[in-house]
Protein chains: 2
Amino acid sequence: MEGSSPIYLQITDYLKRLIASGELADGDMLPSRRELSAYLGVNPNTVQKAYRLLEEEGLISSRLGAKSYISLTDERAEEIGRRILEGEIRAAVTSLKRTGLTLDEAVSMVERYWD
Amino acid sequence: MEGSSPIYLQITDYLKRLIASGELADGDMLPSRRELSAYLGVNPNTVQKAYRLLEEEGLISSRLGAKSYISLTDERAEEIGRRILEGEIRAAVTSLKRTGLTLDEAVSMVERYWD
DNA sequence: CCAACTGTATTACCCGTATAATACACCCGT
DNA sequence: ACGGGTGTATTATACGGGTAATACAGTTGG
């Protein structure tokens, strides 16, 4: 979980990636707040904040006392995947252009650093 | 000055880019703290923090009462350029790999989004 | 049934970032 | 020389992110 953006956003993004790739599908159980926070070594409140956001976005469903689970349609999952991919690409391209390199130079740099 | 990292770091990075590209060279005067802060619409203390960092890195020189100016060797400027470029590329590649795309797919996506 | 686990909520605290308002010592051009 | 601009410093305030400790209501499985 490397990165400097807020932890709770890293968690939501990570789960969205799993949803986008199909590793997490509708009906799948999620680790409890306490469980995941212990595993990640962060505060339960931080995980709760992430789960709350995901619930507000309609991606997961929670009931008091019971475990939370993924709750979305296939179309929604696919749309999430497209959105994440596009955002990632756009950000990478913006960053690459800012270096002042040409497209060809940038591409060959990316190829050189890929492994 | 778009981005979500601390403003004072955005300022140092921006000035380092100008140094790396040669638009700012040894001896060049910098805008005063108050001037730049007014132009950017941020607090003078924030600019001061950025300038202080740059001075600690030995990139600029300040004297009480007088304007600050760029102070570095050509080798240092070139080294900064290399370091920035490498960091940018590495970050972009990391981000691209995380999407799960293959190298070829990533490259064609970058080409498609370049303009 | 009931103990263990779950989601939820609240309160307090810390740290980094950023703003705001001053104040002071210093340089420089007119 | 002197006034305006400069670097520098200090204090206070605010906010978001994160931690910590605790409490309560609800579900669930043995």
Side-chain angles (χ1 to χ4, degrees), chain A residues 1-19 24-72 87 91, chain B residues 1-19 24-72 87 91:
Chain A
M1 192 73 74
E2 76 283 346
S4 57
S5 75
I7 298 175
Y8 71 95
L9 286 184
Q10 294 180 42
I11 294 174
T12 59
D13 288 355
Y14 177 66
L15 290 177
K16 285 179 187 175
R17 268 178 240 285
L18 293 184
I19 288 172
L24 279 183
D26 186 75
D28 284 355
M29 287 296 178
L30 288 172
S32 76
R33 274 79 164 160
R34 293 171 177 85
E35 203 176 338
L36 183 56
S37 68
Y39 176 73
L40 295 178
V42 301
N43 194 277
N45 297 337
T46 303
V47 175
Q48 162 66 5
K49 194 168 186 175
Y51 277 29
R52 203 188 101 250
L53 272 184
L54 291 172
E55 176 145 39
E56 285 172 356
E57 295 184 45
L59 304 185
I60 75 175
S61 176
S62 304
R63 264 168 53 239
L64 212 176
K67 283 197 161 179
S68 302
Y69 52 93
I70 303 289
S71 164
L72 39 57
Chain B
M1 194 73 73
E2 76 284 343
S4 58
S5 73
I7 298 175
Y8 72 95
L9 286 185
Q10 294 180 42
I11 294 174
T12 60
D13 289 356
Y14 177 67
L15 290 177
K16 285 179 187 175
R17 268 178 238 285
L18 293 184
I19 289 172
L24 279 183
D26 187 75
D28 284 355
M29 286 297 179
L30 288 173
S32 76
R33 274 78 165 161
R34 292 171 176 84
E35 203 176 337
L36 184 55
S37 68
Y39 176 73
L40 296 177
V42 301
N43 195 277
N45 297 338
T46 303
V47 176
Q48 162 65 4
K49 193 168 188 176
Y51 277 29
R52 203 188 101 250
L53 272 184
L54 291 172
E55 176 144 41
E56 284 171 356
E57 295 184 45
L59 304 185
I60 75 175
S61 175
S62 304
R63 267 166 51 239
L64 213 174
K67 282 197 162 181
S68 302
Y69 52 92
I70 303 288
S71 164
L72 39 55

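Every chain is numbered from 1, with letters handed out A, B, ... down the list of sequences. Note that the structure is predicted; figures quoted are calculated from it, not measured.
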Next item on the list: Show your reasoning for whether side chain to side chain contact (heavy atoms under 4.5 Å, CB included) applies to B/L40 and B/I11.
Entry: CA-CA 10 Å; B/L40 296 177; B/I11 294 174; 3.9 Å; yes

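- Every side-chain contact (heavy atoms from CB on, under 4.5 Å) that B/L9 has, sequence neighbours left out, goes to B/P6, B/T12, B/L53.
- In the 5' to 3' direction, nucleotides of DNA chain D lying under 4.0 Å from heavy atoms of chain B begin and end at D/dG5 to D/dT10.
- Residues of residues 31-39 of chain B having a heavy atom closer than 4.0 Å to DNA chain D, listed by number: B/S32, B/R33, B/R34, B/E35.
- The side-chain hydrogen bond (donor to acceptor under 3.5 Å, both in side chains) test applied to A/R34 returns no partner, not counting sequence neighbours.
- With values rounded to the nearest 0.5 angstrom, A/I70 atom CD1 is found 4.5 Å from A/L24 atom CG.
- Here the CG-CG distance, from B/D13 to B/L15, works out to 9.0 Å after rounding to the nearest 0.5 Å.
- B/P31 meets the side-chain contact (heavy atoms from CB on, under 4.5 Å) test with B/E35, B/L36, B/Y51; sequence neighbours excluded.
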Using atom types as modelled, flag every donor-acceptor pair under 3.5 Å from a side chain in residues 58-67 of chain B to any protein atom, sequence neighbours excluded.
| residue | atom | partner | partner atom | Å |
| --- | --- | --- | --- | --- |
| B/S62 | OG | B/R33 | NH2 | 3.4 |
| B/S62 | OG | B/E55 | OE1 | 3.3 |
| B/S62 | OG | B/S68 | OG | 2.9 |

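- In this structure, A/I19 CD1 and A/L54 CG are separated by 6.5 Å, a value rounded to the nearest 0.5 Å.
- Spacing between atom NZ of A/K67 and atom P of C/dT8 amounts to 14 Å, rounded to whole angstrom units.
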Next item on the list: Produce a footprint string for nucleotides 11-18 of chain C: one letter per nucleotide, 5' end first; B if the base is under 4.0 Å from any protein heavy atom, S if only the sugar-phosphate is, - if neither.
Entry: ------SS

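- Scored by the side-chain hydrogen bond (donor to acceptor under 3.5 Å, both in side chains) test, B/K49 finds no partners at all (sequence neighbours excluded).
- The side-chain contact (heavy atoms from CB on, under 4.5 Å) test applied to B/N45 returns B/N43, not counting sequence neighbours.
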